[in-house]
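Working notes for the structure below.
Below, read A as the first sequence line, B as the second, and so on, with proteins coming before strands; counting in each chain starts at 1. In this text, all values refer to a predicted model and were calculated from it rather than measured experimentally.
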Amino acid sequence: MTKLSTDNRQHKAKLKTKNNNPKSTIRNPKSKKSMSRIYIEDLSKHVGEEVAIHGWLYNKRSSGKIRFLVVRDGTGVLQCVMVKQNLSEEIFNTFDALTQESSFSVTGKVKAEPRSPGGFEMEVSDVKIIHVAKEYPITPKEHGVEYLIDIRHLWLRSSRQHAIMRVRHEIIRAIREFFDNRGFLLMDAPIFTPAACEGTSTLFATDYFDLGKAYLTQSGQLYGEAGAMAFGKVYVFGPTFRAEKSKTRRHLTEFWMVEPEVAFNDLNDNMELAEEFLEHIVQSVLKNRQTELKTLERNTTFLEKVKKPLPKISYEEAVDILRKKGNAFEYGNDFGAADETIISGEFDQPLIVHRYPTEVKAFYMKRDPQNPKLALAMDVLAPEGYGEIIGGSQREDDYDALLSRIKEHNLPQEAFEWYLDLRRYGSVPHAGFGLGVERTVSWICGLEHVRETIPFPRMIYRLTP
RNA sequence: UCCAAAGUAGCUCAAUGGUAGAGCAUCCGGCUGUUAACCGGAGGGUUGUAGGUUCGAGUCCUACCUUUGGAGCCA
């Protein structure tokens, strides 16, 4: 019933536009020698000029003879004022046909307007409808995340999602800038791999011609190590895949990870690189994305404190903190999400925890010469309960030690022969870490869930859109 | 895989075991400065599915389905 009436209205709207342009309902806004077209973000340079904006209807309001169109063009939002006595009836009535998210181009004079949120307003002289949208499923009122995530392709048009995606973009830009400025080579690792990189996680399998199964990568690190031996310092930046049935606000099955790897670095160098890296990322966002952080109502007090040096404690000291807090934590276990929150709650900066028991860490991590029961590993825990955002280590560079680790973990030696080669031909101490992009975005934006940090999240029960 | 919670109008939510409602959205009307505009009116429901208890079930019971949160694993 509702559908019918909408269709009717669309039909009417089509008829109206047809009168303007007999060829097609979809008009090319550039076809007419129109005003110079600008983006909303550049409005300040065009005050007093007659310009055109191409965009979509964000919202509209009417007070009878004065009407307001709120247009968004992807770079911002602008309120356009239609005054009846200044416009022909035909143009004034385009207001009625425009539904939420209809596309159109609007022409008029730009005015500075202190009452408007962006500081500018447009006095409309002409409106050209491009396409009348059907009833839009996202209304200006509240919606649940469950509903919105099903229409993620449309949800991305809303202001909050714009802010998150712009912060994500800034984080990725800062990551690349940081490594590029330090002479790192960006080295892409393969997505298809013959075996588990770390041997533990469940992987996504796929048929690979006559070669049997291929698996989607869960880390580019081993390839990064080959890169470090070839180029000295590299970073791998790509998607990674985990088939574990993790159902939490911190997990996706497909997520992005950046993994630097540096030859001749030890654990201390690695921790220093990580803290400088985090400082650069957070300070870049604070510097370049204040508007977005404001939209997200992010309290930036903690973010401003992200500067070198970050606090560093050993696994043992972390266990002590847990015990002092009355937590019956057993030495030798890995920290759960609740433990991480307690430990990081003691600090107001990201916290580096180093030297974990070898049993809870991966086979390729070098053992501490001072205490062979410990791995030269490091994790960075974000404050405010956001958990682990970085995991890294100094790698085992001794051939015999690495081989026995591979055997202890029951890994297929043939698959790791190339990796062992790195210890056969000019082995050197080296270290690296991986940073989860989505968890970092989630932390910096202050979000409830990582699913909002990636344009199209992949989770156990979600493969669409 | 395990534990827990939730499914009622397009959306967000109400409704002691006793006639299923509101706000937003949609449609019709009004308004010359609105700001998630406002005011008046209208349409809109197999209460996730299948059984059961009861004079009577949206509400109680059982199973299943779907989604969400958490655990484990991890970034």
Worksheet item: Is it the case that more than 12 heavy atoms not belonging to K305(A) sit under 6.0 Å from its NZ atom?
Response: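 Enclosed: over 12 neighbouring heavy atoms sit under 6.0 Å from NZ of K305(A).
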
Item to complete: May I ask you to check whether over 12 heavy atoms, not counting those of K308(A), lie within 6.0 Å of atom NZ?
Response: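 Yes, the 6.0 Å shell around NZ holds more than 12 heavy atoms from other groups.
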
Minimum-distance nucleotide (side-chain atoms of [X] versus [options]):
| X | options | result |
| --- | --- | --- |
| T139(A) | G10(B), U1(B), A71(B) | G10(B) |
| E121(A) | C73(B), A71(B), G33(B) | G33(B) |
| S63(A) | A71(B), C31(B), C11(B) | C31(B) |
| T248(A) | G33(B), A71(B), A75(B) | A71(B) |
| Y147(A) | U34(B), U12(B), A75(B) | U12(B) |
| S62(A) | C31(B), A36(B), G33(B) | C31(B) |
| H251(A) | U26(B), U67(B), A75(B) | A75(B) |
| E135(A) | A25(B), A75(B), U1(B) | A25(B) |

Say we look at [N] and [M]: how far apart would their [atom1] atoms be, to the nearest angstrom?
| N | M | atom1 | value |
| --- | --- | --- | --- |
| C28(B) | U47(B) | P | 30 Å |
| U34(B) | C39(B) | P | 14 Å |
| A71(B) | U19(B) | P | 43 Å |
| A50(B) | A42(B) | P | 33 Å |
| C13(B) | G45(B) | C1' | 15 Å |
| G10(B) | U46(B) | P | 8 Å |
| C24(B) | A36(B) | P | 14 Å |
| G72(B) | A25(B) | C1' | 43 Å |

Please give the nucleotide sitting opposite [N] as a Watson-Crick or G-U wobble pair, both distances under 3.5 Å, or none.
| N | value |
| --- | --- |
| A71(B) | U1(B) |
| G7(B) | C65(B) |
| A22(B) | U12(B) |
| G29(B) | C39(B) |
| A57(B) | none |

Starting at [atom1] of [X] and ending at [atom2] of [N], how long is that distance when rounded to a whole Å?
| X | N | atom1 | atom2 | answer |
| --- | --- | --- | --- | --- |
| L69(A) | G33(B) | CG | P | 17 Å |
| F68(A) | C38(B) | CZ | P | 14 Å |
| I138(A) | U26(B) | CD1 | P | 14 Å |
| E330(A) | G72(B) | CD | P | 14 Å |
| D150(A) | G48(B) | CG | P | 18 Å |
| L98(A) | U26(B) | CG | P | 13 Å |
| R157(A) | A36(B) | CZ | C1' | 19 Å |
| E146(A) | C65(B) | CD | C1' | 14 Å |

Worksheet item: Is the shortest side-chain N/O distance from R250(A) to OP1 or OP2 of A71(B) below 4.0 Å?
Response: yes

Base, sugar-phosphate, or nothing: which does [X] touch, judged by heavy atoms less than 4.0 Å apart?
| X | result |
| --- | --- |
| K247(A) | base |
| E438(A) | nothing |
| L252(A) | base |
| T240(A) | nothing |
| F255(A) | base |

Item to complete: Indicate whether the side chain of E225(A) and that of Y364(A) have a donor and an acceptor atom separated by less than 3.5 Å.
Response: no

Worksheet item: Are S393(A) and R395(A) linked by a side-chain donor-acceptor pair shorter than 3.5 Å?
Response: yes

Practice prompt. Take V145(A) and K111(A), find for each the nucleotide of RNA chain B with the closest heavy atom, and name the residue whose nucleotide sits nearer the 5' end.
Written response: V145(A)

Worksheet, complete the sentence: On RNA chain B, more 5' by nearest nucleotide between G336(A) and N59(A) is N59(A)

Worksheet item: Is any N or O donor-acceptor pair between the side chain of R439(A) and the base of C74(B) shorter than 3.5 Å?
Response: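 Indeed there is one.
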
Please state whether the rings of [X] and [Y] are parallel, tilted or perpendicular, taking 30° and 60° as the class boundaries.
| X | Y | value |
| --- | --- | --- |
| Y419(A) | F363(A) | perpendicular |
| F204(A) | F241(A) | perpendicular |
| F184(A) | F179(A) | tilted |

Worksheet item: Can you find a pair of side-chain heavy atoms, one from M257(A) and one from T217(A), that are under 4.5 Å apart?
Response: no

Practice prompt. Indicate yes or no: does K109(A) engage E123(A) in a salt bridge with an N to O separation below 4.0 Å.
Written response: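 Salt bridge flag = no for E123(A) with K109(A).
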
Worksheet item: Honestly, is R67(A) close enough over F92(A), meaning NZ or CZ under 6.0 Å from the six-membered ring centre and within 45° of the axis?
Response: yes

Fill in: Residues within residues 443-465 of chain A bordering RNA chain B, heavy-atom distance below 4.0 Å
H449(A), R451(A), Y461(A), R462(A)

Fill in: R298(A) and E384(A): CA distance, side-chain angles, deciding distance, salt bridge (Lys or Arg N to Asp or Glu O under 4.0 Å) verdict
CA-CA 12 Å; R298(A) 177 64 163 127; E384(A) 303 164 82; 2.9 Å; yes

